[in-house]
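Comments concern the structure below.
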Amino acid sequence: MYIILSGDSRLSITAAVCRGVFMSFIFLLISCGDAKAQRFFRDNYDDPTSGIGVNIAYDAPVGNLQYTYKPAINYGLNYYKFEDDFTITAGIGYRIYKPKQDVFYYAVGDNDYGTITYSDFRSYIGYIGGAYNIEVAEGFKCFGGFNFGLYITKFSLHSVDALRDATTVIDGEQEIYIAPKLGLAIDLSDDLQLNLQGAYNVFATTGKKRWNDRVGTIYSSFTIGSGIIFKF
């Protein structure tokens, strides 16, 4: 028996993410060149108001997911807007959780058991965020805020026991995402900033319950990582 809960296809999701990454890097190159040109012709250098950065984080599932999946590396590309003591962020990311083992077992009645296998749990992430910065010393700030956005997820599972042989495929499932975050921002130079950040991520399946009985399912994870921001 096959149960297919479809959304955007894997190809469409991948293509959209690739286009977003490509355009972001083009924007980065143009912005860097423009920023350097402006500084060359300016006598007085103003504080940067924007930035583009890359980040990498250790992403550990908690709650329901921690029993099935191992921690993973989360990769991200972000645009930053600096406004006085506030930082506004827009970003995209990618993460793959891998199963903790090849086969899991579950009890069926008193004397029998079944097996279940899980595929990788892939997520494409898009979000916006905001943070309030407190300057501790020159070139050193601590910050706190929230991210809010959308996960698009793909995974599958296959279970076999004496009563059934079933495969469930989740393709393009959409999940609302929110994450409180805390971190440190360290200026390495006028152009470069190092961010160290931790966040608690909560994401919940969206849609209509009659089409997807997973609607309302809540997942969570904890991330800790770093990022480099080029400011202009």
Please report the C-alpha distance between Asp187 and Lys231 in whole Å, then the side-chain angles of each, then the deciding distance to 0.1 Å, and finally whether the salt bridge (Lys or Arg N to Asp or Glu O under 4.0 Å) criterion is met.
CA-CA 10 Å; Asp187 287 338; Lys231 300 189 292 186; 3.0 Å; yes
List the steps and the verdict of salt bridge (Lys or Arg N to Asp or Glu O under 4.0 Å) for Glu173 and Arg214.
CA-CA 10 Å; Glu173 180 174 83; Arg214 292 170 38 76; 2.7 Å; yes
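A donor-acceptor contact closer than 3.5 angstrom is absent between the side chains of Tyr58 and Thr223. In this structure, a donor-acceptor pair under 3.5 Å is present between the side chains of Asn78 and Asn55.
Residues that satisfy the salt bridge (charged side-chain N to carboxylate O under 4.0 Å, His left out) test with Lys100, not counting sequence neighbours, are absent from this structure. Residues forming a side-chain hydrogen bond (donor to acceptor under 3.5 Å, both in side chains) with Asn64 (at least two apart in sequence, or on another chain): none. Annotation: ring-ring contact (aromatic ring centres under 6.0 Å, His included) contacts of Tyr105 (sequence neighbours excluded): Tyr113. Applying the side-chain hydrogen bond (donor to acceptor under 3.5 Å, both in side chains) criterion to Glu175, with sequence neighbours excluded, gives Thr153. Looking at residues two or more places apart in sequence or on another chain, you find no ring-ring contact (aromatic ring centres under 6.0 Å, His included) involving Tyr75.
Heavy-atom neighbours of Tyr106 OH from other residues, nucleotides or ligands within 6.0 Å: above the threshold of 12. More than 12 heavy atoms of other residues, nucleotides or ligands shown are found within 6.0 angstrom of CG on Leu192. Remark: Glu138 CD is loosely packed, at most 12 non-hydrogen atoms of other residues, nucleotides or ligands lying under 6.0 Å away. By the neighbour-count criterion of 12 heavy atoms within 6.0 Å, atom CG of Asp102 is sparsely surrounded, having that number or fewer from other residues, nucleotides or ligands.
For the atom pair CD1 (Ile228) and CG (Leu188), the distance works out to 5.5 Å, reported to the nearest 0.5 Å. Once rounded to the nearest 0.5 Å, the distance linking CZ of Phe155 with CG of Leu65 reads 8.0 Å. Ile125 CD1 to Asn147 CG: the interatomic distance, rounded to the nearest 0.5 Å, is 10.0 Å. The CZ atom of Phe121 lies 11.0 Å from the CG atom of Leu157; values are rounded to the nearest 0.5 Å. Distance check, rounded to the nearest 0.5 Å: CD1 of Ile92 to CG of Leu77 gives 5.0 Å. Atoms CD1 and OG, from Ile186 and Ser226 in turn, are 10.0 Å apart once rounded to the nearest 0.5 Å.
Within the cation-pi definition used here (under 6.0 Å to the ring centroid, within 45° of the axis), Arg95 qualifies as a partner of Tyr97.
Linking Ile, Leu, Val, Met, Phe, Trp and Tyr whenever their side-chain heavy atoms come within less than 4.5 Å leaves Ile96 and Ile73 in two separate clusters. Hydrophobic clustering (side-chain heavy atoms under 4.5 Å, transitive across Ile, Leu, Val, Met, Phe, Trp, Tyr) keeps Phe222 apart from Ile178.
A pairwise comparison of heavy atoms in Leu184 and Cys142 identifies CD2-CB, 3.9 Å as the closest pair. Looking at every heavy atom in both residues, Ile229 comes nearest to Gly51 through CG2-CA, 4.1 Å. Contact record, Lys181 with Ala199: CB-CB, 4.0 Å, taken as the closest heavy-atom pair. Nearest heavy-atom pair, Asp120 versus Pro99, reported as atom, atom and distance to 0.1 Å: OD1-CD, 3.5 Å. The minimum heavy-atom distance linking Gln66 with Val62 is given by the pair CB-CA, 3.8 Å.
The side-chain contact (heavy atoms from CB on, under 4.5 Å) test with Ile52 is passed by exactly one of Tyr80, Phe232, Phe230: Phe232. When each of Tyr151, Tyr177, Phe148, Tyr127 is paired with Phe203, the ring-ring contact (aromatic ring centres under 6.0 Å, His included) condition holds for Tyr151 and for no other.
A side-chain donor-acceptor contact under 3.5 Å links Ser119 to the backbone of Ser156. When atom types are taken as modelled, the side chain of Thr206 and the backbone of Gln174 share a donor-acceptor pair closer than 3.5 angstrom.
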Identify every side-chain donor-acceptor pair in residues 81-88 under 3.5 Å, counting partners at least two apart or on other chains, and give the distances.
unit_1, atom_1, unit_2, atom_2, d
Thr87, OG1, Asn133, ND2, 3.0

